[in-house]
Amino acid sequence: MTEISDDLLTQCMHCGLCLPVCPTYALTGLERSSPRGRIRLMKSVMDGTLPVSQTFKYEMEFCLDCQACQTACPAGVKYGELVESARIFIESGEKGFSAKRFILKKIFAGKNGLRIAAAMLRFYQKSGAEKVVLMFSKRFPRWIFNRARLLPRLSRKFSIDILPEEVEPRHETRGTVAVLTGCIMDAIYADVNVDTVEVLAENGWRVAVPHAQVCCGSVNGHSGDVEAAKSLAAKNIHAFEKTGAAYYVVNSAGCAAFMKEYGKLLEDDPQYCGRAKEFSAKVKEFSEFLFETGFRKPRTKLGVPVTYHEPCHLVHTQKISVQPRAIVNEIAGDNYHELNEATWCCGSAGIYNVTHYDDASKLLERKLGNIGQTGAKMVITGNPGCMAQIAAGVKNDGMDVEVVHPATVLNRLYKIDKA
Ligand code: SF4
Ligand code: SF4
């Protein structure tokens, strides 16, 4: 069985400074649902003084892996690494069939899994079946009703089927970048990928869209299926290397965070360890890239009150906060309104809002309350999970708020400038 590193576990000095920032501790008030409590549970299991109990498994899954505790920790405890190791440890000890692992592998790591799932969901939405289900859904068990309402509108087509493998820059060339179109991002927000490519081209970059790319592997990796994640990472290394790009730009916070860790993921693989490190060094999250390389400031400013939600895997995992805020401030001007608890998880957390619907809903209501207080008509955020979660919440609560990716806002303003 895979072990959880004792060096990482013993870094924790049990000070408790992480407790006030932990959303699951705020939900239960239980020590075992806090970062410190979970670290104690992991240490006890590793020392053999606690069995791999249902409580232990529950707490490792109940954790959002939002890594707010990592930001707060004065001892530099790598909590994200710990909880992911704990999940791999649990997964490696599981015997028999796991429906969750099977479904995730088929959808995200299989050859056509995502395409088949997206085609079925598109048919469900286009045929009118969704309307019927939602109309009568109160008669279904609550767990089906609640989740049916979460489903966002699927993109009509994947952006990877629309975009050519190379898009020329609109101005003097500054170099070549390659973009990840992703899986969830492409299935739900293909238009954000098109906006991303257009914004990069507008800023003088030749944009490669490698058609052989696959899912980044984060969904499988965060669920403990590390082998599936490694296999996807290797395929992306092949696909992106061929572009010869100087940077790999990723518009999904969660995917960028995971791709920056390919070097670590494949460090024991003699074939890929060096290439994975080089790959990760080239990965830039969208706002990070524009901030570092410079971007054309749109002349037009947004005319509605705007706020910004910080995705956990951007602010906590990658420590990227100044960069997207600089973009938002540039395009919003005096219309910017700071969001209270901007770094508090919205409850999306990968597939957490599906697997832990009730807990995720409480976090979403807290987020919506804070958004309501700003008076904003637009929430800008750079992660597809957060976008879908907050958009489902505002729709459900009848709020007049649009949820938008920074690339989309920038592209809209560039187009207005040109009109
Ligand atoms: S803040 Fe860090 S050192 Fe303190 S209890 Fe939390 S994880 Fe441990
Ligand atoms: S990752 Fe988030 S939910 Fe998990 S222990 Fe840390 S702060 Fe709490």
Side-chain angles (χ1 to χ4, degrees), residues 4-47 50 55-91 218-219 221-224 253-254 257-258 260-261 309-321 341-367 370 381 383 385-386 389:
I4 307 171
S5 159
D6 198 53
D7 287 347
L8 290 184
L9 287 169
T10 49
Q11 251 182 302
C12 177
M13 53 192 185
H14 310 295
C15 65
L17 287 174
C18 52
L19 269 62
V21 302
C22 174
T24 55
Y25 180 67
L27 286 174
T28 66
L30 296 173
E31 173 72 14
R32 67 172 208 221
S33 306
S34 75
R36 183 177 64 185
R38 290 192 177 104
I39 290 171
R40 277 220 173 93
L41 286 176
M42 291 179 212
K43 179 88 176 103
S44 303
V45 166
M46 284 301 107
D47 290 347
L50 190 79
T55 305
F56 175 71
K57 289 182 189 175
Y58 174 81
E59 283 302 340
M60 297 308 125
E61 288 299 316
F62 181 35
C63 170
L64 294 144
D65 195 9
C66 69
Q67 299 175 22
C69 49
Q70 205 162 285
T71 301
C73 177
V77 170
K78 292 179 180 155
Y79 181 84
E81 223 174 286
L82 280 173
V83 76
E84 281 158 33
S85 303
R87 288 175 183 173
I88 295 167
F89 170 79
I90 292 169
E91 203 46 32
S218 63
V219 179
H222 293 313
S223 305
F258 198 75
K260 285 179 180 178
E261 293 297 318
H309 160 72
E310 308 216 29
C312 301
H313 281 92
L314 201 55
V315 61
H316 299 308
T317 315
Q318 298 177 71
K319 308 289 179 248
I320 294 176
S321 178
E341 298 183 337
T343 61
W344 195 264
C345 180
C346 66
S348 164
I351 54 167
Y352 193 90
N353 54 354
V354 178
T355 57
H356 295 73
Y357 177 85
D358 289 336
D359 300 314
S361 296
K362 287 177 195 153
L363 298 174
L364 178 58
E365 282 309 317
R366 186 168 174 153
K367 183 62 66 182
N370 283 322
T381 192
N383 191 53
C386 307
Q389 171 81 339

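These numbers come from the heavy atoms of this one structure, side chains and all, not from hydrogens, waters or symmetry mates. Whatever order the structure lists ligands and atoms in, that order sets their numbers, starting from 1.
The CD atom of Q70 sits 11.0 Å away from atom SG of C18, with the distance rounded to the nearest 0.5 Å. Once rounded to the nearest 0.5 Å, the distance linking NE2 of H356 with CG of L64 reads 8.5 Å.
If you number the atoms of ligand 1 from 1 as listed, the ones under 4.0 Å from a heavy atom of P74 come out as 1 (S). Heavy-atom contacts of G16 reach the following atoms of ligand 1: 4 (Fe), 5 (S) (cutoff under 4.0 Å). Per-residue contacts place M13 under 4.0 angstrom from the following atoms of ligand 1 (heavy atoms of the residue considered): 3 (S), 8 (Fe).
Two residues are said to be in side-chain contact when any heavy atoms from C-beta on lie closer than 4.5 Å; F89 and M46 meet this criterion. Contact annotation: the side chain of L17 approaches that of P74 to within less than 4.5 Å [non-hydrogen atoms, C-beta and beyond].
For NZ of K43, the number of neighbouring non-hydrogen atoms (other residues, nucleotides, ligands) closer than 6.0 Å is greater than 12.
Under 3.5 Å, the side chains of H313 and Q318 contain no donor-acceptor pair of N or O atoms.
For ligand 2, the 4.0 Å heavy-atom shell takes in C22, P23, T24, P35, R38, C63, L64, D65, C66, Q67, C69, Y79, ordered by chain and residue number.
Under the 3.5 Å distance criterion, the side-chain polar atoms of R38 are matched with a main-chain donor or acceptor of S33.
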Would you sort out whether Q389 and K367 count as a side chain to side chain contact (heavy atoms under 4.5 Å, CB included), showing the intermediate values? CA-CA 10 Å; Q389 171 81 339; K367 183 62 66 182; over 6 Å; no
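Only the backbone of H14 comes within 4.0 Å of ligand 1, counting heavy atoms alone; no side-chain atom from C-beta on gets that close.
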